[in-house]
Amino acid sequence: MADYVITFDQDRCISCYACETHCTAKNKTPGDARLGQMVVVGPVSRNNRPRYLNMYVTCFQCAKPWCVRACPTGAMVRRDDGLVYVESELCVGCKACMQACPWRIPQWDAYEGKAIKCDYCRDRLDEGQKPACVEACCGHALDYVKLNEASAKARQSYAEKAVLNANDPYAVFAVTKKS
Ligand code: SF4
Ligand code: SF4
Ligand code: SF4
C-alpha cells in the first residue's frame, strides 16, 4: 500500500455522496466512469435490525499491484511513495489493467480511449492538499492518514464500538465484517 491511506468511518457517513460528486468534478471524470465509488453492502444486522451500509471504495494502492504487472507499456506506474497512477501518454487502451484488478478499480475513458484510475488526487497531494473526496466529506467520515495512524485509529474505533455494543452480538459482528 501507499505510505498514506484514505480511511472510511461507516458510522459518520450521512450518505450525502459529496465524496463521489467532488471526485467526479475535480477529475472531470468522463461518461459513466467513477474513480471513487460509494457502494451499498448488506444487509447486515445493526442493533438487531437488518441494515444496508454505505462504503466508499477507492484504489487500494496495492504493494504489488496487479494492474501494474498487467500493463504491457509501462503506463500503469507505482511511484516511490506507493501511489499507483496512469501515465496517460503511454496508455494504448488495451484494458489489461481493468481485467487484472480484482476490484475493477481502473475505469474506462471512452472519449480518450484510455484507462483512468483513482490516484488519491496525486496533483493535490503534491501541493500538500488532501484528496478531493476527503476534503469534501461533510460527515468527516473520510480521512487521509499515515498507514500506522490508520491502523491505530481503526483499533481504537473497533474497541469503542465493541464496548458500546457488548449486549448486541450481531452489532459486533457487523463491525467485524466492516474492517
Ligand atoms: S487498480 Fe486495483 S490492482 Fe491496481 S493498485 Fe488499485 S486496487 Fe491494486
Ligand atoms: S489500458 Fe493503458 S494503463 Fe491499462 S494496461 Fe493497457 S496500456 Fe496499461
Ligand atoms: S462525503 Fe462523507 S458523509 Fe458524504 S457520502 Fe461521502 S463518505 Fe459519506
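Whatever order the structure lists them in is the order used to number ligands and atoms, beginning at 1.
Using a 4.0 Å cut-off between heavy atoms, S15 contacts ligand 3 through its backbone alone, with no side-chain atom that close. At a heavy-atom cutoff of 4.0 Å, ligand 2 is contacted by the side chain of T73 but not by its backbone. The backbone of K95, and not its side chain, has at least one atom closer than 4.0 Å to an atom of ligand 2 (non-hydrogen atoms only; backbone = N, CA, C, O). At a 4.0 Å heavy-atom cut-off, ligand 3 touches L142 through the side chain alone. Of all the heavy atoms of K117, the ones lying under 4.0 Å from any atom of ligand 1 belong exclusively to the side chain.
Close approach to P106 involves these atoms of ligand 1, each under 4.0 Å from a residue heavy atom: 1 (S). Listed by number with element, the atoms of ligand 3 under 4.0 angstrom from any heavy atom of Y17 are 4 (Fe), 5 (S). Per-residue contacts place F8 under 4.0 angstrom from the following atoms of ligand 3 (heavy atoms of the residue considered): 7 (S). Close approach of ligand 2 to V92 (heavy-atom distance below 4.0 Å) involves ligand atoms 2 (Fe), 7 (S). Interface atoms of ligand 2 facing A96, defined by a heavy-atom separation under 4.0 Å, are 5 (S). Close approach of ligand 2 to P72 (heavy-atom distance below 4.0 Å) involves ligand atoms 5 (S). Every atom of ligand 1 is numbered from 1 in the order shown, and the set under 4.0 Å from a heavy atom of I105 is 1 (S), 7 (S). The C94 neighbourhood of ligand 2 comprises atoms 1 (S), 5 (S), 6 (Fe), 7 (S), with distances under 4.0 Å to a heavy atom of that residue. Shown in contact with M38 at under 4.0 Å from a heavy atom are these atoms of ligand 3, numbered in order with element: 5 (S), 6 (Fe), 7 (S), 8 (Fe). Distances below 4.0 Å separate heavy atoms of A115 from the following atoms of ligand 2: 1 (S), 4 (Fe).
With hydrogens left out, the protein atom closest to atom 4 (Fe) of ligand 3 is C16 SG, 2.3 Å, a heavy atom. At the top of the distance list for atom 8 (Fe) of ligand 2, counting protein heavy atoms only, stands C71 SG, 2.3 Å. Closest to atom 3 (S) of ligand 3 among all protein heavy atoms lies I14 N, 3.4 Å. Taking atom 2 (Fe) of ligand 3 as the reference point, the nearest protein heavy-atom neighbour is C137 SG, 2.3 Å. The single protein non-hydrogen atom nearest to atom 5 (S) of ligand 2 is C97 N, 3.3 Å, given as residue, atom name and distance. Protein heavy atom nearest atom 1 (S) of ligand 3, with residue, atom name and distance: C19 N, 3.2 Å.
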Test log, rule salt bridge (charged side-chain N to carboxylate O under 4.0 Å, His left out), inputs D143 and R12: CA-CA 11 Å; D143 203 358; R12 296 197 67 94; over 6 Å; no

Full working for side chain to side chain contact (heavy atoms under 4.5 Å, CB included) between V39 and N54: CA-CA 6 Å; V39 298; N54 287 340; over 6 Å; no

Step-by-step side chain to side chain contact (heavy atoms under 4.5 Å, CB included) determination, M38 to C13: CA-CA 11 Å; M38 183 57 76; C13 179; 4.1 Å; yes

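A 4.5 Å side-chain heavy-atom check between Y4 and P131 finds every atom pair outside the cut-off. Taking 4.5 Å as the limit, every side-chain heavy atom of K117 sits out of range of all side-chain heavy atoms of C101. Counting heavy atoms from C-beta on, the side chains of M55 and L53 never come closer than 4.5 Å.
Using modelled atom types, one side-chain atom of Q37 and one backbone atom of R34 make a donor-acceptor pair closer than 3.5 Å. A donor-acceptor pair under 3.5 Å is formed between the side chain of K114 and the backbone N or O of S88. Using a distance-only test at 3.5 Å, with no hydrogens or angles considered, no donor-acceptor pair links the side chain of R51 to the main chain of V44. A donor-acceptor distance shorter than 3.5 angstrom exists from the side chain of D81 to the backbone of L83, with no hydrogens or angles considered.
Across R78 and C62, no two heavy atoms sit closer than the pair NE-O, 3.0 Å. Across every non-hydrogen atom of E20 and G36, the tightest pair is CG-O, 3.2 Å.
Distance check for C13 against atom 8 (Fe) of ligand 3: an N/O/S atom falls below 2.8 Å. Inclusion of C59 in the first shell of atom 4 (Fe) of ligand 1 is not supported: no N, O or S atom falls under 2.8 Å.
Separation of atoms OG1 (T58) and CG (L35) is listed at 10.5 Å; rounding is to 0.5 Å.
Using a 4.0 Å heavy-atom cutoff, Y56 is absent from the residues neighbouring ligand 3.
Between Y120 and Y144, the ring planes are perpendicular. Angles over 60° get that label, and only those under 30° would be called parallel.
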